[in-house]
Undergrad: 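Supplied in structure tokens, the structure appears directly below.
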Amino acid sequence: MNSYLAGISSFTAVIELLTGLHIGAGNNEIHIGGTDNPVIKNPLTGRPYIPGSSLKGKMRGLLEWRYGLVSDGKPVGFSHLPGLSGEQKSQAEQILRLFGGAPEGAGSQADAARLGPTRLAFWDCQVCPQWLKSAGENNDEILLETKMENTIDRIKGAAIHPRATERVPAGVRFQFRLSLRVHDQEDLTPMVYEGLRLLQVSGLGGSGSRGYGKIAFVNLQLDGVNVQSKIELAAAQTA
């Protein structure tokens, strides 16, 4: 029986930065008076944003670790399914439904056809216009900060190898949107809530072990209905 598209649901929320966020721009040049480690910015506005690809990659990776699906360092794919069974195989198939994957060889084509197209579509997250307006005059100036970091010589007690890292400071808010294709009568939202919970626990961007990138989803809604409690429920179910 062919799968059919029952609808497209939309998750919306505000991402609030609890600590400074650094998602690098890959700049290979060091400018005089500037930083050698800038954040990614919208080239038209100069304002920082959170790429949808960063959210997707981090959320998928966290779910794979959560369900014990990390083996060879690659994202779980169709080629991994024959080696899985039971609940773990079901979890891997849900991840492939949500995040997609490329069939590897003729043996994967049947699984790809059975699981269907990628369900999730991640959107880039721009700074919230309402938050920016409330920040007052010269609000663009508070969207970035430069944090100096260095290594401490254990013998001399002196700082060495100083480096300037650009961050989006704590308190800045971004618009979050996530589209979910719904096929047949499936319900993949529990894994989506678990993924969002893991993002809150783990954070986004680089230097998470040094306190960067801690976030909170605020006023999470699914098709206009508040589902904020679903994240806390996911935490309770996995505690």
Undergrad: Should we say atom CH2 of Trp123 is surrounded by more than 12 heavy atoms from elsewhere, each under 6.0 Å from it?
TA: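 Open.
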Undergrad: Evaluate the side-chain proximity of Leu84 to Leu69: yes if any heavy-atom separation is below 4.5 Å, no if none is.
TA: yes
Undergrad: Counting only N and O atoms by type, is there a donor-acceptor contact under 3.5 Å from the side chain of Glu93 to the main-chain atoms of Leu115?
TA: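 Not confirmed, Glu93 side chain does not pair with Leu115 backbone.
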Undergrad: Any chance the rings of Tyr49 and Phe174 have centres within less than 6.0 Å?
TA: no
Undergrad: Could you report the tightest heavy-atom contact between His22 and Tyr212, atom names first, then the distance?
TA: CB-CD2, 3.8 Å
Undergrad: Which one of Leu132, Ile15, Val14 satisfies the side-chain contact (heavy atoms from CB on, under 4.5 Å) criterion with Arg173?
TA: Val14
Undergrad: Without swapping roles, check the side chain of Asp184 against the backbone of Tyr4 for a donor-acceptor pair under 3.5 Å.
TA: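 Indeed, once roles are kept as given, a pair shorter than 3.5 Å links the two residues.
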Undergrad: Just by modelled atom types, is the Thr189 backbone N or O under 3.5 Å from a matching donor or acceptor in the Asp187 side chain?
TA: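 Confirmed, Asp187 side chain pairs with Thr189 backbone.
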Undergrad: Restricting to non-hydrogen atoms, name the atom on Ile23 and the atom on Ser54 that form the minimum distance, rounded to 0.1 Å.
TA: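 Minimum heavy-atom separation between Ile23 and Ser54: CG2-OG, 3.8 Å.
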Undergrad: What heavy-atom pair brings Leu178 and Ala121 nearest, and what distance separates the two atoms?
TA: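 Smallest interatomic distance, heavy atoms only, reads CD1-O, 3.5 Å.
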Undergrad: Show the nearest heavy-atom pair for residues Glu64 and Lys74, with the distance to one decimal.
TA: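 Where Glu64 meets Lys74 most closely, the heavy atoms are OE1-O, 4.5 Å.
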Undergrad: Can you name the closest pair of heavy atoms from Gly101 and Leu96 and give their distance?
TA: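 Nearest heavy atoms, Gly101 then Leu96: CA-CD2, 4.3 Å.
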Undergrad: Please identify which of these residues, Gln94, Gln88, Glu87, Met191, meets the side-chain contact (heavy atoms from CB on, under 4.5 Å) condition with Tyr67.
TA: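 Of Gln94, Gln88, Glu87, Met191, side-chain contact (heavy atoms from CB on, under 4.5 Å) with Tyr67 is met by Met191 alone.
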Undergrad: For a quick check under 3.5 Å, do Gln221 and Asp223 share a side-chain donor-acceptor pair by atom type?
TA: no
